[in-house]
Visitor: 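After the structure tokens below, expect a handful of questions from me.
Each chain gets a letter, A, B and so on, in the order the sequences are listed, and its residues count up from 1.
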Number of protein chains: 2
Amino acid sequence: MKNRLKVLRAERDWTQADLADKLEVSRQTINAIEKGKYDPSLPLAFKVARLFEMPIEAIFEDETEVEVS
Amino acid sequence: MKNRLKVLRAERDWTQADLADKLEVSRQTINAIEKGKYDPSLPLAFKVARLFEMPIEAIFEDETEVEVS
DNA sequence: CTACGATGTAAAGTAAGCTTGACTTAAAGT
DNA sequence: ACTTTAAGTCAAGCTTACTTTACATCGTAG
């Protein structure tokens, strides 16, 4: 799952620690999500969307393959 | 996290097992999500949204409390 | 050169998401 | 009565999300 966290952060001049604070998670969690180590939980994704005031789909991009049938 | 899965399913006359098959998860997972036992992962939420062709926010409703500051 | 802030990464632990298998209950059909 | 189907639930086990602590790297400012 790709995401635009790094860019959205840069636009606001926030560090990973800043964002982590605002979302109430650890700095390592932000780092891991940005680096694609894992995806956020749905509740965290909602929190991110609310913080940046945009839909989840505008921040996270699904890459799940479509069934070949 | 509330969700409209049961209604969306009913509109299409799908059983929990039907939906589970389409989403490639177990029937128990659908049941647990519908009953609010836990939230789906973000990838699964995307899959649900894609299946029903609507934004995640139109299916799942966040209830996380807003910070009192 | 040293110090500092931001980022990256790792290990170990807990919690949440999901699986399979099994069993129960209720509704509906025969 | 018996069978079938949908829904609900539980237990054990695995994987993923997240935590804390700790340390390494890099750029920049003094």
Visitor: For the side-chain hydrogen bond (donor to acceptor under 3.5 Å, both in side chains) test, which of A/Glu34, A/Lys6, A/Gln28 pairs with A/Gln16?
Guide: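 Going through the options one by one, the only one that passes is A/Glu34.
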
Visitor: Does anyone know the first and last nucleotide of DNA chain D in reach of chain B, 5' to 3', at under 4.0 angstrom to a heavy atom?
Guide: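 Here the contact window of chain B covers D/dA6 to D/dC10.
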
Visitor: Enumerate the residues from residues 7-15 of chain B whose closest heavy atom to DNA chain D is under 4.0 Å, giving them by residue number; use none for an empty result.
Guide: B/Arg9, B/Thr15

Visitor: Tell me the interatomic distance from A/Lys6, atom NZ, to C/dA6, atom P, rounded to whole angstroms.
Guide: 15 Å

Visitor: Could you check whether any side-chain heavy atom of B/Leu42 comes within less than 4.5 Å of a side-chain heavy atom of B/Ile56, counting everything from C-beta outward?
Guide: yes

Visitor: May I ask you to evaluate whether A/Asn31 reaches the phosphate of C/dG8, defined as a side-chain N or O under 4.0 Å from OP1 or OP2?
Guide: yes

Visitor: Is there any protein nitrogen or oxygen under 3.5 Å from a nitrogen or oxygen in nucleotides 28-30 of chain C, and what are the pairs?
Guide:
none

Visitor: Quick check: on DNA chain D, is the nucleotide nearest A/Thr29 upstream (toward 5') of the one nearest B/Glu34, or the reverse? Name the residue that is more 5'.
Guide: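 Comparing both residues, the 5'-ward one is B/Glu34.
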
Visitor: Within residues 35-44 of chain B, find the residues that approach DNA chain C with a heavy atom at under 4.0 Å, and present them sorted by residue number.
Guide: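 Close to the strand are B/Tyr38, B/Asp39, B/Pro40, B/Ser41, B/Leu44.
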
Visitor: Decide yes or no for A/Phe52 and A/Leu19: does some side-chain heavy atom of the first lie under 4.5 Å from some side-chain heavy atom of the second?
Guide: yes

Visitor: Between B/Arg27 and B/Ala20 (side chain of the first, backbone of the second, donor and acceptor by atom type, cut-off under 3.5 Å), is there such a pair?
Guide: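 No; judged by distance alone, with no hydrogens or angles, the pair does not exist.
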
Visitor: Expressed as a whole number of angstroms, how long is the span from A/Asp18:CG to C/dA6:P?
Guide: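 Spelled out: CG on A/Asp18 to P on C/dA6 is 7 Å.
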
Visitor: Give me the atom names and distance for the closest heavy-atom approach of A/Leu5 to A/Asn3.
Guide: N-OD1, 3.1 Å

Visitor: Residues in side-chain contact (heavy atoms from CB on, under 4.5 Å) with B/Glu53, at least two apart?
Guide: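 B/Glu53 satisfies side-chain contact (heavy atoms from CB on, under 4.5 Å) with no residue once adjacent residues are dropped.
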
Visitor: Give a yes/no answer on whether the side chain of B/Ser26 brings an N or O atom under 4.0 Å of OP1 or OP2 in C/dT19.
Guide: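 Indeed, a polar side-chain atom of B/Ser26 lies that close.
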
Visitor: Indicate yes or no for a side-chain donor-acceptor contact from B/Lys2 to the backbone of B/Glu61 under 3.5 Å, with no hydrogens or angles considered.
Guide: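 Between the backbone of B/Glu61 and the side chain of B/Lys2 there is no qualifying donor-acceptor contact (under 3.5 Å).
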
Visitor: Taking all non-hydrogen atoms of both residues, which atom of B/Pro43 and which atom of A/Asp39 are closest, and how far apart?
Guide: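 In terms of heavy atoms, the two residues are closest at CG-OD2, 3.3 Å.
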
Visitor: To the nearest Å, how far apart are B/Leu23 CG and C/dG17 P?
Guide: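 After rounding, the gap between these two atoms is 16 Å.
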
Visitor: Just by distance, do the side chain of A/Glu57 and the backbone of B/Pro55 share a donor-acceptor pair under 3.5 Å?
Guide: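 No; zero donor-acceptor contacts below 3.5 Å.
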
Visitor: Has B/Gln28 got a side-chain N or O lying under 4.0 Å from the OP1 or OP2 atom of C/dT20?
Guide: no

Visitor: Roughly how many Å is it from CG in A/Asp21 to P in C/dG5, rounded to a whole number?
Guide: 15 Å

Visitor: Give the rounded distance in Å between these two atoms: CD1 of B/Ile33 and P of C/dA16.
Guide: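 Result: 15 Å.
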
Visitor: Using side-chain contact (heavy atoms from CB on, under 4.5 Å) as the criterion, list what pairs up with B/Asp62, not counting sequence neighbours.
Guide: A/Phe46, A/Arg50, B/Met1, B/Thr64

